[in-house]
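In what follows, a single structure is set out as structure tokens and then discussed.
These numbers come from the heavy atoms of this one structure, side chains and all, not from hydrogens, waters or symmetry mates. All residue numbers in this chain count up from 1 along the given sequence.
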Amino acid sequence: MSVILEKEQSYFFSSDPTVGAIQIQQNGSVFSVALNTPITIPRGAVDAQVAINSAAIWYVNPNISVQLTNNEFKFTTTAAPAGTYTITIPDGLYSLDGLNNTLSNSIVNLGLPSNLFTLSGDDATQSTVITFLTSGDSIDFTITNSLKTILGFNNAVYTAPSANYNLYSPNPAAFNADNSYLISSNLTSVGIPINNQSFGILVNVPITSSPGSQIIYQPANLVWSDATDLIGQTKQFITFRLTNQSLIPINTVGETWQFTLIIKWKLILSNESLPLKP
């Protein structure tokens with residue numbers, strides 16, 4: 001007769017260099033750890049699995065930035081002081097309201113009315129609505145780094161035919177470049193597959209917080225994935241990656257991210273290996 005012995009080990013990992021993270025790369029989305037005690041699963045183990053039971057990630061990855069080439073707003077106005085202007089939006093994670101406030105403040109700094117252009121949204125169509133204060137004013141979305149895609153506009157120049165004109169974007173706004181965060185590693189080559197491909201993904205973390213807030217992931221039910229390739233192996237140097245749903249690295253803007261990892265496996269003990277009863 002044999003007995004199955006279940007074993008489980010937990011590990012806490014953090015991208016914070018003050019607690020041992022090394023080789024931090026790609027704007028904080030990649031870090032490595034050199035363990036003092038390697039992760040080892042005995043050669044005779046069976047059914048090894050891995051899961052993430054908690055994670056804390058700051059939702060700050062910019063959706064407007066120099067890197068994304070979508071940070072400029074060019075317009076022409078007849079309001080005094082009349083002229084053509086280009087506003088550069090600071091790198092950041094913007095909502096529609098947040099972007100509207102930034103544009104309004106920048107327009108005021110040019111000596112123009114704060115409501116020269118007002119951004120709002122149409123919930124039914126997910127379109128952006130730009131309200132022009134002055135007839136004949138125009139917005140140029142043909143420049144290389146324009147906001148056209150995130151606002152849902154085409155590569156064109158849009159001119160207001162009348163004062164207080166409401167211009168609806170022909171396409172849905174695209175502020176949600178990140179729909180979820182993926183944590184992956186070289187700990188296992190399998191992990192949770194995406195469709196028919198494996199990238200060593202350990203968990204899919206839904207974005208449940210507002211921009212600028214911390215996502216706290218504590219699932220009611222853990223998602224376990226296969227880690228049988230760890231059996232009989234020793235892992236001492238591990239690299240972790242934080243990406244979005246399309247495997248694009250996340251810019252953490254200097255914030256750290258952390259998670260707790262659990263590895264479990266089973267050992268089959270035969271009668272010969274069991275201790276004798278007294």
Can a donor-acceptor pair be found, under 3.5 Å and without considering hydrogens, that links the side chain of Gln245 to the backbone of Asn179?
yes

Ignoring hydrogens and geometry, is there a side-chain-to-backbone donor-acceptor pair from Gln236 to Leu35 under 3.5 Å?
yes

Please report the interatomic distance CD1(Ile41) to NZ(Lys7), rounded to the nearest 0.5 Å.
11.5 Å

Determine, step by step, whether Phe117 and Phe73 satisfy the ring pair (Phe, Tyr, Trp, His ring centres under 6.0 Å) criterion, reporting the C-alpha distance in whole Å, the side-chain angles of both residues, the deciding distance to 0.1 Å, and the verdict.
CA-CA 11 Å; Phe117 302 100; Phe73 184 79; 5.7 Å; yes

Using a 3.5 Å distance criterion without hydrogens, assess whether the side chain of Asn100 forms a donor-acceptor pair with backbone atoms of Leu96.
no

Do Leu261 and Phe199 belong to the same hydrophobic cluster, where Ile, Leu, Val, Met, Phe, Trp and Tyr are linked whenever their side-chain heavy atoms lie under 4.5 Å apart, directly or via other members?
no

Nearest heavy-atom approach of Gly136 to Thr159 is O-CG2, 3.7 Å

Let me confirm one number: the OG-CZ distance from Ser146 to Phe141, rounded to the nearest 0.5 Å.
6.5 Å

Tell me whether Ser169 contacts the main-chain N or O of Thr128 through its side chain, where contact means a donor paired with an acceptor under 3.5 Å.
yes

Does Val253 reach the side chain of Pro62, with side-chain heavy atoms less than 4.5 Å apart?
yes

Given 3.5 Å as the limit, does a donor-acceptor pair link the side chain of Ser114 with the main chain of Ser104, or not?
no

Would Ile207 and Leu68 show up in the same hydrophobic cluster when neighbours are defined by side-chain heavy atoms closer than 4.5 Å?
no

Check whether Val223 and Val50 end up in the same hydrophobic cluster, where Ile, Leu, Val, Met, Phe, Trp and Tyr are linked by side-chain heavy atoms less than 4.5 Å apart.
no

If you count every heavy atom of other residues, nucleotides or ligands that lies below 6.0 Å from Asn109 atom CG, does the total exceed 12?
yes

Heavy-atom closest contact (Val190 atom, Ser198 atom, distance):
O-CB, 3.6 Å

Donor-acceptor pair, Asn61 side chain versus Asn251 backbone, under 3.5 Å?
yes

Distance-only polar pair, side chains of Thr134 and Thr78, donor-acceptor under 3.5 Å:
no

At their closest point, which heavy atom of Ile150 faces which heavy atom of Ile64, and how far apart are they?
CD1-CG1, 3.6 Å

Between CH2 of Trp265 and CG of Leu5, what distance do you get to the nearest 0.5 Å?
9.5 Å

With a 3.5 Å distance limit and no angle check, can you tell me whether Asn70 reaches the backbone of Lys148 through a side-chain donor-acceptor pair?
no

Relative to each other, are the rings of Phe31 and Trp257 parallel, tilted or perpendicular (30° and 60° limits)?
perpendicular

Within the 4.5 Å heavy-atom criterion, are Ser135 and Tyr165 side-chain neighbours or not?
no

Taking the six-membered ring for Trp and the single ring otherwise, decide whether the centroids of Tyr181 and Tyr217 are under 6.0 Å apart.
no

Side-chain (Asn63) to main-chain (Asp178) donor-acceptor, under 3.5 angstrom
no

Is Ile52 reachable from Ile250 through a run of hydrophobic residues whose side-chain heavy atoms are each under 4.5 Å from the next?
yes

For the residue pair Tyr158 and Phe153, does the interplanar ring angle fall in the parallel (under 30°), tilted (30 to 60°) or perpendicular (over 60°) class?
perpendicular

Does any N or O in the side chain of Ser95 come within less than 3.5 Å of the main-chain N or O of Gly98, such that one atom is a donor and the other an acceptor?
yes

Is there side-chain contact between Ile139 and Val157, with heavy atoms separated by less than 4.5 Å?
no

Determine whether the side chains of Asn154 and Asn171 contain a donor N or O and an acceptor N or O closer than 3.5 Å.
yes

Would a 4.5 Å heavy-atom cut-off, applied to side chains only, mark Gln258 and Asp16 as touching?
no

Can you measure from CZ (Phe132) to OG (Ser138) and round to the nearest 0.5 angstrom?
7.5 Å

If you apply the rule side chain to side chain contact (heavy atoms under 4.5 Å, CB included), what do you find for Ile24 with Ser15, and how did you get there?
CA-CA 7 Å; Ile24 301 169; Ser15 67; 5.6 Å; no

The test is side chain to side chain contact (heavy atoms under 4.5 Å, CB included); show your working for Ile39 and Ile238 and say whether it passes.
CA-CA 10 Å; Ile39 294 175; Ile238 309 172; 3.7 Å; yes

More than 12 heavy atoms of other residues, nucleotides or ligands under 6.0 Å from NZ of Lys235: yes or no?
yes

Quick check on Gln25: does its CD atom have over 12 non-hydrogen neighbours (other residues, nucleotides or ligands) under 6.0 Å away?
yes

Shortest non-hydrogen pair, Pro249 vs Gln26, comes out as CG-OE1, 2.9 Å

Heavy-atom distance under 4.5 Å between the side chains of Ser184 and Leu182, does that happen here?
no

Would you please say whether a donor-acceptor pair under 3.5 Å links the side chains of Asp122 and Ser127?
no

Starting from Ile87, can I reach Val66 by hopping between I/L/V/M/F/W/Y residues whose side chains sit under 4.5 Å apart?
no

Heavy-atom closest pair, residues Gly212 and Leu93
N-CD2, 4.2 Å

Would you call Phe75 and Tyr85 a side-chain contact if the rule is heavy atoms closer than 4.5 Å?
yes

Minimal non-hydrogen separation, Ser14 against Phe12, with atom names
CB-CE2, 4.2 Å

About how many Å separate CG of Leu242 and CD1 of Ile57, when rounded to the nearest 0.5 Å?
5.0 Å

With a 4.5 Å heavy-atom cut-off, do Asn27 and Gln67 have their side chains touching?
yes

With a 3.5 Å distance limit and no angle check, can you tell me whether Ser246 reaches the backbone of Ile248 through a side-chain donor-acceptor pair?
no

Looking only at side-chain N and O atoms, does Ser65 offer a donor or acceptor that is under 3.5 Å from a partner on Asn71?
no

Sort out for me which residue in Ile130, Ile89, Thr118 forms a side chain to side chain contact (heavy atoms under 4.5 Å, CB included) with Leu103.
Ile89

For the atom pair CZ (Phe237) and CG (Asn186), what is the distance rounded to the nearest 0.5 Å?
8.0 Å

Does the side chain of Thr188 come within less than 4.5 Å of Ser225's, by heavy atoms?
no

